[in-house]
Enquirer: 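Sharing a structure below in structure tokens format, with a few things to ask.
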Amino acid sequence: MAKKIIIGIDIEPSRKTFSVAIFKHGERSIRRLQGLSVQDLISLIKEVNPSMIAVDNIFELGSASEIFSIFENFPGVEIIQVTGPPFKGLSLQKIAKMHNLPIPRSSIQEAETAAVLAHKGCGCKVKLFEDECEIIVSRGRSPGRGGSSALRLARMVEAKVATVTNEIASILKKNKIAFDMYCEESKFGVKRALFNVYVPYRVIHRVLRGLKGSQDVNVEIKPVRRRRITFIEEGKESKLPSLPKRKLIVGIDPGMTTAIAIFDLDMRLLHTESKKEFHMDEIISRILFFGVPLIIGVDVNPPPQLAKQIASKFNAVLSYPPRNLSSRDKMELLKKHFAGSISELDVHERDAISAAIRAFLTYKRLFETVDRVIDYLSVDIDREEVKSLIVRNVNLKDAIRKVLLGEIGSKKSVKKIDEKLLTSRIETLKKQISERDRIISLFKEKVENLEREIEKYRRREKALLGEIEKLNQKISKLKSDVMREKTLQDMKRQIESLRSYIRKLESENRNLREQINIMNSLRRRAVKGEITILVPVPKFTSSVIDDLIEKGLIQDGDVVLLEDASGGGKSTALNIVKKRIKAIIVMKSKLSDQALEIFEKYDIPVIDGEFLKGHIKLEAGTYYIATQKLEEAVDAWKKKVREQITRDLKEIILEERFREYTQ
């Protein structure tokens with residue numbers, strides 16, 4: 001097993017030379033060197049080939065560009081700043097003391113301490129390069145000018161470049177490594193090839209370890225620099241600042257020269273750019289300056305790995321055509337849908353713009369539908385968030401609901417209030433619909449019961465009429481018999497009694513019909529929201545409440561008319577709270593403090609019947625009240641509760657301030 005080698009570096013007081021300590025795991029001795037220049041330092045690192053370099057401040061080695069230049073020669077070496085991220089406030093001496101190490105007093109001691117602390121796992125990683133690198137395959141020698149020998153040499157060299165290029169592509173595919181390949185082809189093979197590979201340098205170095213260049217072919221593996229030096233502590237990289245909200249459509253044309261075109265969702269061009277060595281980190285930075293990409297568009301199929309990687313980082317939708325767009329296709333897209341000057345663009349920017357236009361046209365109808373529906377609804381809503389969901393295959397109804405209810409995205413405080421009001425309104429409407437359905441169902445049931453009663457009386461009436469007919473026949477027979485006169489008189493009295501009973505039944509029938517008409521009228525008014533049906537509760541006791549709930553006479557959303565509030569406490573209040581009633585009207589006595597506390601806790605208004613005296617009506621055995629008057633009473637109760645809460649808060653604040661003052 002190879003020994004782990006760590007080099008500790010510290011700048012000397014002259015600020016021009018460095019002290020170095022070479023620490024080998026498993027060995028007691030540490031090699032110490034002093035007075036090394038930057039070039040000496042580079043030579044030493046090449047000679048020792050360490051797995052880790054430890055410093056207390058990376059910027060002691062020079063400016064950011066100088067640091068990149070030094071470590072570009074050693075992209076696989078891990079760099080540790082043992083004092084942690086900049087400005088954390090921990091010195092090397094303090095960290096050494098924390099780990100029971102001698103306090104370093106000189107530059108060489110600080111280098112040694114840095115190496116030992118790195119071995120102990122202290123500090124943070126310094127990241128200079130992206131998890132991305134370039135592989136450049138090129139001709140090792142030039143064939144020269146003219147002549148048959150120059151042609152033979154060109155044929156041989158360019159054929160070898162093509163062979164090495166294909167070999168690298170095969171190795172990358174075999175190892176399932178994402179890459180994009182761009183070749184500068186010739187009639188003999190390949191002059192130059194560029195691989196953009198989306199894994200760290202150490203991975204490529206290991207995978208291509210057996211592949212070597214030759215006199216005829218150069219193979220260069222280069223790490224891609226980060227835009228700035230990054231410090232990673234405990235495996236966590238600092239997060240990017242909050243991203244702008246604006247959604248973008250970005251067209252990308254990768255290649256040796258890469259171009260991007262950035263549009264907003266209304267296809268206004270915000271930025272277009274093309275350049276060589278336009279790496280992913282720089283492209284992402286450029287996009288973030290304008291917003292967050294919703295759609296990444298390319299003009300080829302299959303899409304390049306660069307586009308896939310960027311789309312993945314932003315969770316954007318990747319849009320690509322079923323087949324590669326031809327030059328004619330791209331020009332038609334530009335002429336029909338691009339308002340800018342085509343002549344001012346290079347060929348790569350045109351390709352990027354046409355890719356973005358094609359991506360936009362794929363979703364244009366969906367976007368227009370979103371705008372049309374939102375205009376019709378006349379709601380204040382973030383259209384871009386709705387379009388973002390639509391693009392990700394959420395149906396329009398659900399997308400609008402999610403954005404309105406704040407289930408996605410961050411909202412401004414004003415919008416939050418509007419959304420809460422809207423949510424409350426939706427919930428209120430749902431409850432009203434549910435309440436109306438319940439009342440309709442209740443009235444239907446009562447009507448059915450009354451109709452059954454009427455049918456029962458009709459059958460009874462019919463039976464009685466049959467009996468009368470029989471009695472009439474008997475009377476007819478008795479008329480001829482004087483001896484049966486008394487019996488006849490009795491029968492007449494019985495008939496009269498039966499007729500009187502029939503009249504009574506008919507009167508009851510009329511009364512029942514009148515009650516049905518009244519109840520139907522009340523039902524229609526309740527459905528319209530003009531009145532609210534009240535559920536009478538004769539006594540506020542657990543037994544009475546449980547009986548009414550068991551019979552289904554108290555339902556969710558009911559308004560309870562409490563005829564006598566005495567006798568109930570906390571448990572009785574909890575029983576009735578389970579049904580989530582809308583309000584309680586107390587007609588007689590007062591509720592106990594425990595019950596009032598429970599109702600206030602669950603935000604159930606308790607209204608004094610005196611406040612509604614004269615407004616509670618009784619018709620056809622049904623108590624009801626004008627909905628507007630009830631809402632006024634509920635609002636008054638809520639206002640009273642809010643005022644009480646405000647007073648309580650003020651008292652608490654006053655007591656707290658007084659306590660702070662006395663302390």
Side-chain angles (χ1 to χ4, degrees), residues 1-38 40-64 66-68 70-71 73-129 200 202 226 228-239:
M1 180 179 175
K3 293 180 180 179
K4 184 176 181 181
I5 301 175
I6 302 172
I7 291 181
I9 302 172
D10 189 72
I11 195 165
E12 295 179 340
S14 66
R15 313 303 292 179
K16 294 180 180 179
T17 54
F18 299 90
S19 295
V20 174
I22 303 173
F23 175 89
K24 291 184 180 180
H25 179 61
E27 293 188 7
R28 294 184 179 180
S29 61
I30 294 179
R31 182 182 170 191
R32 300 171 181 82
L33 301 169
Q34 292 179 277
L36 275 65
S37 66
V38 172
D40 295 334
L41 202 58
I42 293 172
S43 300
L44 178 66
I45 295 170
K46 286 181 180 178
E47 175 193 337
V48 175
N49 189 26
S51 59
M52 191 181 294
I53 291 175
V55 295
D56 66 340
N57 182 358
I58 187 67
F59 294 103
E60 288 181 351
L61 300 178
S63 64
E66 290 171 336
I67 293 168
F68 278 117
I70 292 171
F71 289 102
N73 301 292
F74 320 106
V77 177
E78 189 175 4
I79 306 168
I80 301 295
Q81 184 163 296
V82 295
T83 53
F87 313 114
K88 192 167 183 180
L90 293 177
S91 66
L92 184 67
Q93 287 74 15
K94 187 173 183 179
I95 297 173
K97 185 177 181 181
M98 289 166 59
H99 289 271
N100 298 318
L101 296 176
I103 305 300
R105 304 296 182 187
S106 64
S107 178
I108 188 64
Q109 289 175 353
E110 289 188 359
E112 182 178 338
T113 302
V116 174
L117 287 172
H119 173 66
K120 287 178 174 287
C122 298
C124 64
K125 292 181 181 179
V126 181
K127 195 160 185 178
L128 304 176
F129 305 104
R202 64 180 179 277
R226 289 199 151 203
R228 63 177 66 86
I229 296 173
T230 308
F231 299 88
I232 303 175
E233 189 175 16
E234 297 177 358
K236 295 182 180 178
E237 187 171 346
S238 300
K239 294 183 179 179

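Here, residue 1 is the first one in the sequence, and each next residue gets the next number.
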Enquirer: Hey, does E66 have a side-chain heavy atom less than 4.5 Å from the side chain of L61?
Expert: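 With C-beta onward as the side chain, the pair stays apart.
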Enquirer: Do K120 and L101 make a side-chain contact, defined as non-hydrogen atoms from C-beta onward lying under 4.5 Å apart?
Expert: yes
Enquirer: Between I22 and L44, is any pair of side-chain heavy atoms under 4.5 Å apart?
Expert: yes
Enquirer: Do I53 and F71 make a side-chain contact, defined as non-hydrogen atoms from C-beta onward lying under 4.5 Å apart?
Expert: yes
Enquirer: Considering all heavy atoms of both residues, which atom of S19 and which atom of A111 are nearest to each other, and what is their separation?
Expert: O-CB, 3.6 Å
Enquirer: Apply side-chain hydrogen bond (donor to acceptor under 3.5 Å, both in side chains) to N49 and list each qualifying residue two or more places apart in sequence or on a separate chain.
Expert: none
Enquirer: Taking all heavy atoms of A54 and all of A118, pick out the closest pair and write down the distance.
Expert: CB-CB, 3.6 Å
Enquirer: How long is the gap from CG on L128 to CZ on F74, to the nearest 0.5 Å?
Expert: 12.5 Å
Enquirer: Hey, what do you get for CD1 (I232) to CD (Q81), rounding to the nearest 0.5 Å?
Expert: 12.5 Å
Enquirer: Do you know the tightest heavy-atom contact between A96 and P102?
Expert: CB-O, 4.0 Å
Enquirer: Check step by step if side chain to side chain contact (heavy atoms under 4.5 Å, CB included) holds for D10 and I108.
Expert: CA-CA 7 Å; D10 189 72; I108 188 64; over 6 Å; no
Enquirer: Checking E112 now: which residues fulfil side-chain hydrogen bond (donor to acceptor under 3.5 Å, both in side chains) with it, not counting sequence neighbours?
Expert: R32
Enquirer: Work out which heavy atom in I11 is nearest to a heavy atom in F18; give both atom names and the distance.
Expert: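 Scanning both residues, the minimum pair turns out to be CA-CD2, 3.7 Å.
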Enquirer: Could you grab the distance from atom OG of S51 to atom CD1 of I7, nearest 0.5 Å is fine?
Expert: 9.5 Å
Enquirer: I5 and F23: side chain to side chain contact (heavy atoms under 4.5 Å, CB included), yes or no, with the steps?
Expert: CA-CA 6 Å; I5 301 175; F23 175 89; over 6 Å; no
Enquirer: For T17, give me all partners under side-chain hydrogen bond (donor to acceptor under 3.5 Å, both in side chains), at least two apart in sequence or on another chain.
Expert: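 With sequence neighbours excluded, T17 shows a side-chain hydrogen bond (donor to acceptor under 3.5 Å, both in side chains) to E12, S14, given in chain and number order.
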Enquirer: Just wondering, do F231 and I58 contact through their side chains at under 4.5 Å, heavy atoms?
Expert: yes
Enquirer: Say whether, by atom type as modelled, one donor and one acceptor occur between the side chain of Q109 and the main chain of R105 under 3.5 angstrom.
Expert: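 The answer is yes, because a donor-acceptor pair under 3.5 Å joins these two groups.
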Enquirer: Of all heavy-atom pairs between V82 and A114, which one has the smallest distance, and what is that distance?
Expert: CG1-O, 3.4 Å
Enquirer: What are the two closest non-hydrogen atoms of P50 and I45, and how far apart are they?
Expert: CD-O, 3.4 Å
Enquirer: How long is the span from the CD1 atom in I80 to the NE2 atom in H119, to the nearest 0.5 Å?
Expert: 13.0 Å
Enquirer: Are the side chains of Q93 and P104 in contact, using a 4.5 Å heavy-atom criterion?
Expert: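 A side-chain contact under 4.5 Å exists here.
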Enquirer: Ignoring hydrogens and geometry beyond distance, is a side-chain donor-acceptor pair present between D40 and S43 at under 3.5 Å?
Expert: no
Enquirer: Report yes if the side chains of L117 and L92 come closer than 4.5 Å at any heavy-atom pair, otherwise no.
Expert: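 L117 vs L92: side chains touch.
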Enquirer: Start with the C-alpha distance between K127 and I229, add both sets of side-chain angles, then the distance that settles side chain to side chain contact (heavy atoms under 4.5 Å, CB included), and finish with yes or no.
Expert: CA-CA 6 Å; K127 195 160 185 178; I229 296 173; over 6 Å; no
Enquirer: Below 30° counts as parallel, above 60° as perpendicular, anything between as tilted: where do the rings of F68 and F129 land?
Expert: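 Rings of F68 and F129: perpendicular, as their planes differ by over 60°.
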Enquirer: Before giving the answer on side chain to side chain contact (heavy atoms under 4.5 Å, CB included), spell out for D56 and E110 the whole-Å C-alpha distance, their side-chain angles and the decisive distance to 0.1 Å.
Expert: CA-CA 8 Å; D56 66 340; E110 289 188 359; 4.0 Å; yes
